[in-house]
Amino acid sequence: MLTTFTDTSPPSSFSRHPSLAVSLQRLIYVIFLTTQATKDARVIASLNVLRMINEPTAAVIAYGLERKSTQKGEQIVLIFDLDGGTFDVSLLTIEEGIFELKATAGDTHLGGEDFDNRLVNHFVVEFKRKHKKDISNNARAGLSLQYAPITRARFEELCMDLLLKCMQPVEKCLHDAKIDKSQVDEVVLVGGSTRIPKVQQLLQDFFNGKELCKSINPDEAVAYGAAVQAAILTGEGNQKVQDLLLLDVTPLSLNLDSKKHHNSNQERASIPPAPRGVPQINVSFDIDANGILNVTAEDKTAGVMNKIMITNDKGRLSKEDVEKMVKDAEKYKAEDEEVKKKVEAKNTLENYAYNMRNTVRDEKLGGKLDPADKEKIEKAVEEIIEWLDRNQLAEVDELEDKLKELENLCNPIISKMYQGGGGDGPMGGGGYGGSGSGGGPKIVEVD
């Protein structure tokens with residue numbers, strides 16, 4: 001997927017950098033495992049990922065840049081990020097371009113998809129009640145049910161427990177930051193699901209009627225913030241961008257455990273037994289820019305120190321696995337290119353055939369054609385469509401030959417039609433995508 005992203009991005013995105021500087025937001029909060037897996041993915045996709053930031057952090061940057069010029073003094077801002085699959089709340093202070101996150105909370109299993117599923121389940125039950133048929137195992141029917149009509153009141157009634165669940169992380173975030181809700185200056189909505197009126201009403205009621213901030217596009221805020229972070233890291237953008245400073249906070253709860261238990265992924269310092277209160281142990285937690293946690297413990301009495309990195313290697317790709325996948329990607333690159341060419345050639349032929357069919361069936365244009373010519377095109381198009389159905393694995397040269405055959409038949413007829421009508425076709429010219437050229441009237445594509 002990441003390789004496809006680089007292939008389909010505009011060339012201008014890469015013209016200034018040999019390797020793309022990407023700031024990836026993690027869409028799921030399985031913090032360390034996701035971070036390592038994302039790192040593996042960027043190696044396989046040959047991307048140079050300079051920094052990985054959390055989704056709410058990216059939204060914070062987007063909001064801060066938007067309001068930077070109008071801010072006076074310190075502001076306390078709450079980011080309410082409810083999208084399709086996850087829910088995050090972040091509380092931060094902003095002052096003179098410095099963003100300091102105070103606390104984060106959220107629910108990785110709450111989002112727009114949950115509302116969709118609740119509605120689909122409701123409609124399945126209703127359909128069974130009315131028509132005595134169970135369509136719960138019919139995927140296509142389930143997809144259609146997502147667009148069935150329902151009143152807002154009924155929707156709110158069905159999803160009220162989920163809607164109320166959105167308020168719990170808000171309370172937790174404020175509690176962790178030791179900030180009262182009356183001190184919050186702005187409540188910023190991010191994520192498509194924040195458009196739900198009941199979500200906005202509950203949030204507004206929670207903050208005693210405070211007007212919610214809707215100044216940034218909820219669908220684009222995260223991508224916008226990630227792009228700003230990438231600009232900061234690569235030294236691009238104006239001074240407004242470069243003056244931003246973000247002090248992040250870990251979304252994990254950190255605590256100390258003095259009990260003895262075995263963990264094969266961690267090595268502990270050999271701290272000699274001592275009565276309660278006697279050992280003097282300094283513990284420090286260090287989280288790097290990519291969210292990897294390093295812990296250092298030092299026994300001042302015994303002079304013993306040890307460091308560990310908190311990771312989750314279970315189910316991860318080894319270095320050898322990643323290298324093999326990179327080699328395999330190079331090995332099959334030529335094969336993938338051939339498949340791509342084949343698909344493009346098939347689409348070109350199919351589009352041309354259907355465009356010609358639409359042209360001859362159009363009342364305005366088709367009426368200008370000689371009936372015999374019209375029948376020729378209809379027959380040729382039908383043969384091409386049938387041939388495509390029978391030859392799904394056709395090679396590129398076969399597809400190109402069929403396109404030339406159809407063009408050689410259709411282009412003279414269409415040219416004659418426009419010539420008889422006096423000049424170029426509608427909108428002044430263009431072609432059906434054919435390879436031929438000449439000085440005759442130009443042919444345009446008509447949907």
Side-chain angles (χ1 to χ4, degrees), residues 24-35 37-38 52-63 76-92 101-122 146 155-179 181 184 186-207 210 212-214 216 218-219 221-223 225-226 248-255 287 291 293 310 312:
L24 294 175
Q25 71 268 21
R26 285 168 293 182
L27 301 179
I28 302 175
Y29 254 140
V30 186
I31 301 298
F32 299 116
L33 180 59
T34 306
T35 300
T38 305
M52 293 193 294
I53 59 176
N54 298 317
E55 185 171 322
T57 303
V60 164
I61 294 173
Y63 167 79
I76 298 175
V77 180
L78 183 132
I79 306 290
F80 187 93
D81 182 4
L82 182 64
D83 54 26
T86 58
F87 173 44
D88 300 291
V89 179
S90 300
L91 191 76
L92 69 150
L101 271 89
K102 295 296 187 180
T104 64
D107 190 333
T108 59
H109 302 291
L110 179 62
E113 188 177 344
D114 297 285
F115 301 125
D116 287 347
N117 292 339
R118 185 66 61 85
L119 291 177
V120 169
N121 292 338
H122 164 71
Q146 291 188 23
F155 165 77
E156 291 173 359
E157 180 186 353
L158 289 169
C159 300
M160 186 54 71
D161 60 318
L162 297 174
L163 295 167
L164 292 174
K165 201 175 177 182
C166 294
M167 296 302 107
Q168 296 171 11
V170 176
E171 293 180 4
K172 183 180 185 303
C173 192
L174 290 168
H175 178 269
D176 291 347
K178 297 179 175 60
I179 290 176
K181 62 183 179 181
V184 176
E186 287 272 25
V187 179
V188 183
L189 301 180
V190 177
S193 297
T194 57
R195 291 190 174 93
I196 299 173
K198 191 65 177 178
V199 170
Q200 296 184 11
Q201 182 197 325
L202 289 171
L203 197 56
Q204 198 163 9
D205 291 345
F206 179 86
F207 284 98
K210 180 182 290 293
L212 306 178
C213 177
K214 307 171 188 176
I216 58 176
D219 299 316
V222 173
D248 209 341
V249 64
T250 174
L252 301 177
S253 296
L254 304 176
N255 55 54
I287 301 174
L293 176 63
I310 307 297
N312 189 344

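Computed from heavy atoms alone, side chains included, the values below leave out hydrogens, waters and symmetry copies.
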Legend entry - Exceeds 12 heavy-atom contacts within 6.0 angstrom, atom CD of Gln204: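 Atom CD in Gln204 is crowded, with more than 12 foreign heavy atoms closer than 6.0 Å.
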
Under 3.5 Å donor-acceptor, [X] side chain and [Y] backbone:
X	Y	result
Lys102	Ile179	no
Lys181	Leu174	no
Asn121	Arg118	no

Distance, nearest 0.5 Å, that separates [atom1] of [X] from [atom2] of [Y]:
X	Y	atom1	atom2	value
Asp114	Leu163	CG	CG	11.0 Å
Asp83	Asp88	CG	CG	7.0 Å
Ile196	Gln201	CD1	CD	12.5 Å

Is the shortest side-chain heavy-atom distance between [X] and [Y] below 4.5 Å?
X	Y	result
Pro218	Leu189	no
Tyr63	Val190	no
Ile76	Leu91	yes
Phe155	Lys198	no
Leu202	Glu156	no
Phe115	Leu158	no

Please report the shortest heavy-atom distance between [X] and [Y], naming the atom on each side.
X	Y	result
Gly84	Ser193	N-OG, 4.4 Å
Gln200	Thr194	NE2-O, 2.9 Å
Leu82	Cys166	CD2-SG, 4.0 Å
Val170	Leu203	CG2-CD1, 4.3 Å
Ala62	Ile216	O-CG2, 4.5 Å
Ala105	Pro169	CB-O, 3.5 Å

Legend entry - Leu110, Asp81, Thr108, Leu162 screened by side chain to side chain contact (heavy atoms under 4.5 Å, CB included) with Phe87, the one that passes: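 Of the listed options, the one satisfying the test is Leu110.
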
Inset, instruction - Go through the steps to decide whether Arg195 and Asp219 satisfy the test side-chain contact (heavy atoms from CB on, under 4.5 Å), and finish with yes or no. - result: CA-CA 10 Å; Arg195 291 190 174 93; Asp219 299 316; 2.9 Å; yes

Legend entry - Residues Lys172 and Asp176 bridged, charged N to O under 4.0 Å: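 Salt bridge between Lys172 and Asp176, a charged N being under 4.0 Å from a carboxylate O: yes.
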
Legend entry - Step-by-step side-chain contact (heavy atoms from CB on, under 4.5 Å) determination, Phe207 to Leu78: CA-CA 11 Å; Phe207 284 98; Leu78 183 132; 4.1 Å; yes

Legend entry - CA sep, side-chain torsions, deciding dist, call: Val187, Phe206, side-chain contact (heavy atoms from CB on, under 4.5 Å): CA-CA 11 Å; Val187 179; Phe206 179 86; over 6 Å; no

